[in-house]
Amino acid sequence: MSLVVSIFGYMVAFLCSLYGMWLSIDLIFDKFGFIVAAISIAFFPATLMVVPWYEAIANSNWMILQLVYGGLAFSMVLEFVAKNFRWLFFPAD
């Protein structure tokens with residue numbers, strides 16, 4: 001059972017990061033054009049860290065930030081539950 005929870009946690013992290021990256025690249029494409037969007041794909045870890053904060057602070061749109069960082073936080077909680085599954089649900093064993 002803990003393997004299922006762990007795999008679900010990894011899927012949540014991957015899908016939230018992937019969709020957050022898609023929204024970030026779309027935002028960069030709308031604001032700065034194709035060339036900057038193509039360059040930002042090459043630097044995707046930095047893009048995924050900086051663009052959600054830019055969008056939240058500059059435009060008061062917190063959705064990308066909540067998606068990326070909230071999805072990663074939720075996946076960490078799921079990974080904690082997966083690692084401590086026995087201890088959390090069957091403490092007497």
Side-chain angles (χ1 to χ4, degrees):
M1 186 65 184
S2 65
L3 180 64
V4 173
V5 175
S6 180
I7 289 173
F8 183 66
Y10 286 125
M11 285 176 32
V12 165
F14 177 73
L15 292 176
C16 286
S17 297
L18 187 68
Y19 189 55
M21 186 66 184
W22 177 266
L23 291 175
S24 298
I25 296 297
D26 187 42
L27 177 75
I28 292 171
F29 182 75
D30 287 341
K31 298 268 184 194
F32 302 109
F34 175 75
I35 300 297
V36 178
I39 292 170
S40 69
I41 291 173
F43 299 109
F44 76 91
T47 302
L48 202 57
M49 290 186 321
V50 173
V51 173
W53 284 103
Y54 165 76
E55 179 68 8
I57 293 169
N59 299 326
S60 297
N61 184 4
W62 293 84
M63 201 262 311
I64 299 175
L65 188 76
Q66 290 172 344
L67 176 73
V68 172
Y69 290 100
L72 292 176
F74 183 63
S75 70
M76 283 190 255
V77 169
L78 288 175
E79 190 62 29
F80 174 78
V81 168
K83 296 293 182 203
N84 299 307
F85 187 80
R86 282 278 228 202
W87 177 76
L88 287 172
F89 296 106
F90 304 107
D93 286 344

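None of the values given here were measured: they were computed from a predicted structure.
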Separation of Leu15 CG from Tyr19 OH (nearest 0.5 Å): 12.0 Å
Interatomic distance, Phe34 atom CZ to Ile39 atom CD1 [nearest 0.5 angstrom]: 10.0 Å
Shared hydrophobic cluster for Phe80 and Phe74 (ILVMFWY, side-chain gaps under 4.5 Å): yes
Whether Tyr69 and Trp53 hold their rings parallel, tilted or perpendicular, with breakpoints at 30° and 60°: tilted
Verify same cluster id: Leu48, Ile41 (apolar side-chain graph, 4.5 Å): yes
Interatomic spacing from CE in Met21 to CG in Asp26 - rounded to 0.5 Å: 12.0 Å
Atom pair CG/CD1 of Leu78 and Ile7 - distance to nearest 0.5 Å: 12.5 Å
Hphob cluster co-occupancy, Leu23 + Ile28, side-chain heavy atoms under 4.5 angstrom: no
hydrophobic_cluster_shared for Phe14 and Met76, side chain cutoff 4.5 Å: no
Donor-acceptor contact below 3.5 Å, side chain Ser6 vs main chain Ala82: no
Which atom of Gly20 lies closest to which atom of Val68, heavy atoms considered: CA-CG2, 3.7 Å
Parallel, tilted or perpendicular: rings of Tyr54 and Phe32 (30°, 60°): tilted
Pair Cys16-Leu72, side-chain contact (heavy atoms from CB on, under 4.5 Å): steps then yes or no: CA-CA 7 Å; Cys16 286; Leu72 292 176; over 6 Å; no
Over all atoms of both residues, closest heavy-atom pair of Thr47 and Pro52: O-CD, 3.7 Å
Single-linkage hydrophobic cluster, 4.5 Å side-chain cutoff, Val5 and Val12 together: yes
Qualifying residues under side-chain contact (heavy atoms from CB on, under 4.5 Å), relative to Glu55, sequence neighbours excluded: Leu27, Asn59, Asn61, Ile64
